[in-house]
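Here is the structure we will look at, set down as structure tokens.
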Number of protein chains: 2
Amino acid sequence: MSFDGQLPPKTRLLRAAAELLANSGGAAVSTRQITQLAGVTAPTLYHHFGDKEGLFDAVVAAGFEEYVAGERDFAPSGHPLEDIRRMWDNHVQFGLNQPELYLVMFGNIRPESRPAIVADAEALMEEMLNKAAVAGQLNVQPREAARSILAANVGVTLMLIAEPATERNLELSTMTRDAMIFAVSADQASGTPEDSGKSSVVVAAIALNAALQASHSDQLSSSELKLFLEWLHRISNSSTS
Amino acid sequence: MSFDGQLPPKTRLLRAAAELLANSGGAAVSTRQITQLAGVTAPTLYHHFGDKEGLFDAVVAAGFEEYVAGERDFAPSGHPLEDIRRMWDNHVQFGLNQPELYLVMFGNIRPESRPAIVADAEALMEEMLNKAAVAGQLNVQPREAARSILAANVGVTLMLIAEPATERNLELSTMTRDAMIFAVSADQASGTPEDSGKSSVVVAAIALNAALQASHSDQLSSSELKLFLEWLHRISNSSTS
DNA sequence: TAGCACCTATAGCAACGCTATATGAAGTGC
DNA sequence: GCACTTCATATAGCGTTGCTATAGGTGCTA
């Protein structure tokens with residue numbers, strides 16, 4: 001099979017890279033393999049994508065579209081925290097369905113250089129968590145919650161990918177998922193206010209904060225709003241005891 | 001600087017690889033760099049370590065000794081769950097102190113091939129969680145808890161490594177850590193028995209299970225013990241509702 | 001027809017992981 | 001003292017990698 005059709009070389013390169021990546025079985029994919037499958041020579045690749053990583057980034061971007069589409073399709077259920085669960089599961093499933101692509105996206109960590117896609121995924125989850133915050137269901141700032149949940153989500157997915165497919169136990173995922181969501185949710189047993197349950201004023205502050213930032217309210221001047229948000233922020237972060 | 005001293009070439013190779021890995025700043029480390037710094041030619045490397053990955057594995061093994069030493073030094077505080085917290089923090093700190101080494105150890109994920117070190121780290125954490133289970137402080141099986149906590153621990157550490165050093169916020173770590181530990185611990189607010197709080201009989205069963213496996217009790221025959229453990233296991237996993 | 005972007009191909013560089021082969025050193029039996 | 005095996009290191013080079021200096025072709029506007 002090859003992509004020698006009438007498609008433009010750029011598209012052929014993208015498809016060839018995606019296909020080789022998906023079927024490489026963990027082995028490295030070389031530019032020569034890609035260009036040969038695409039029916040193109042090396043300089044074409046570097047003309048369109050700069051370097052190998054640029055091509056992979058483009059493949060990743062396409063993969064991320066798919067990922068985001070999956071995340072958004074399941075979104076509006078009315079119960080934000082339930083949507084977060086589905087986002088989590090969709091994330092894991094995406095990783096297990098296309099492990100090579102996932103590893104390029106989330107597994108290629110290098111010091112001090114954050115993959116752009118991580119920020120995108122965080123933003124996506126934060127957006128969802130904001131709805132939970134507005135509904136008063138969140139215990140911590142949406143951004144912190146998103147970072148924390150996504151970190152655990154990536155860790156679990158990487159672990160599952162590394163396991164032999166026959167031994168994969170999705171209970172690891174559901175257990176970690178519920179632990180993280182429960183930890184950031186406001187409806188914990190409110191019987192022990194000193195340890196883990198935050199007081200309702202904190203929850204209210206977080207909800208108000210999220211609502212304010214979402215609505216771009218004009219009822220306060222910008223300087224007033226700034227100070228107000230700073231107070232809220234202080235309250236929200238106070239009882240970390 | 002070079003390692004041309006009177007040390008044997010094998011040692012010089014290990015030290016050269018470790019040093020280059022620590023100072024590479026994320027860039028790849030080549031065998032030629034290593035052999036040159038060690039004052040040795042290529043075949044010597046392959047004679048002693050088989051291939052590049054073999055050498056890295058050896059470096060990782062040495063790094064893991066250090067990691068384990070750090071984990072064990074802080075261990076016996078009498079409060080197992082507090083020890084788990086310290087294990088978590090030590091894990092993160094190890095990753096941030098030696099990011100390159102950590103990435104070779106935990107970041108080099110490939111499908112269906114689990115790094116041996118992950119299993120070791122899991123065993124280490126499971127061992128610690130067993131103490132918590134014996135003390136009746138655990139909500140789930142120690143093995144499942146260990147896998148879950150370690151997955152989150154690795155995910156958080158990778159995220160922190162990927163961030164610019166100036167932006168690193170350790171709150172991500174402590175927050176995720178406490179979420180995970182709280183989720184597996186038995187002393188959650190027992191006011192809501194239907195949702196997250198497990199009934200005390202389950203906690204007792206898990207504690208008993210851990211105690212039995214630790215003590216190699218002779219008061220039951222092996223077949224009796226086997227059946228008994230099976231029942232315990234069934235009870236422990238029952239109320240996942 | 002001339003000029004000008006844009007795109008692609010030829011050919012090849014430097015660096016990579018790794019190895020076939022040979023040489024030196026150290027111990028062992030006679 | 002001498003052949004013999006064994007282990008450890010070196011010389012030289014193979015095949016592949018990511019990437020590029022240079023040049024040629026194509027289609028557009030003038």
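Naming convention: chains lettered A, B, ... in sequence-line order (proteins, then strands); numbering from 1 in each chain.
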So that I can tick it off, tell me whether [Y] and [X] are bridged by a salt bridge, with the cut-off set at under 4.0 angstrom between side-chain N and carboxylate O.
{"X": "A:Glu53", "Y": "A:Arg110", "value": "yes"}
{"X": "B:Arg114", "Y": "B:Glu122", "value": "yes"}
{"X": "A:Asp89", "Y": "A:Arg86", "value": "no"}
{"X": "B:Glu112", "Y": "A:Arg168", "value": "yes"}
{"X": "A:Asp83", "Y": "A:Lys131", "value": "no"}

Whole angstrom is fine here: how far is it from [atom1] in [X] over to [atom2] in [N]?
{"X": "A:Ile34", "N": "D:dT16", "atom1": "CD1", "atom2": "P", "result": "17 Å"}
{"X": "B:Gln36", "N": "D:dT11", "atom1": "CD", "atom2": "P", "result": "14 Å"}
{"X": "A:Lys52", "N": "D:dT20", "atom1": "NZ", "atom2": "P", "result": "14 Å"}

message: Does B:Thr41 reach a base, just sugar-phosphate, or nothing at all? Heavy atoms under 4.0 Å.
response: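 The answer is base, as B:Thr41 lies within the cut-off (heavy atoms under 4.0 Å) of a base atom.
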
task: Using the closest heavy atom to pick a nucleotide of DNA chain C for each, name whichever of B:Gly50 or A:Pro9 lands nearer the 5' end.
output: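 Result of the comparison: A:Pro9.
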
message: Can you give me the first and the last nucleotide of DNA chain C (5' to 3') that has an atom within less than 4.0 angstrom of a non-hydrogen atom in chain A?
response: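 Boundary nucleotides touching chain A, in 5' to 3' order, are C:dC7 to C:dG12.
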
task: Please work out whether the ring planes of B:Phe182 and A:Phe182 are parallel, tilted or perpendicular, with thresholds of 30° and 60°.
output: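 If you compare the ring of B:Phe182 with that of A:Phe182, the planes turn out parallel.
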
What side-chain donor-acceptor pairs closer than 3.5 Å can you find for residues 147-159 of chain B, not counting sequence neighbours?
from: B:Arg147; atom 1: NH1; to: A:Glu163; atom 2: OE2; distance (Å): 2.7
from: B:Arg147; atom 1: NH2; to: A:Glu163; atom 2: OE2; distance (Å): 2.9
from: B:Ser148; atom 1: OG; to: A:Thr176; atom 2: OG1; distance (Å): 2.6
from: B:Thr157; atom 1: OG1; to: B:Asn153; atom 2: O; distance (Å): 2.7

- request: Taking the side chain as every heavy atom from C-beta outward, state whether B:Leu160 and B:Leu170 have any atom pair closer than 4.5 Å.
  value: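 Counting from C-beta outward, B:Leu160 and B:Leu170 do come under 4.5 Å.
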
A:Ser30 side-chain N/O to D:dT16 phosphate OP1/OP2 under 4.0 Å: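 Looking at the OP1 and OP2 atoms of D:dT16, neither is under 4.0 Å from any side-chain N or O of A:Ser30.
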
message: Any residue in residues 42-49 of chain A with a heavy atom nearer than 4.0 angstrom to DNA chain C? Just list them by number, or reply none.
response: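 The stretch gives A:Pro43, A:Thr44, A:His47, A:His48 as the residues lying under 4.0 Å from the strand, ordered by number.
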
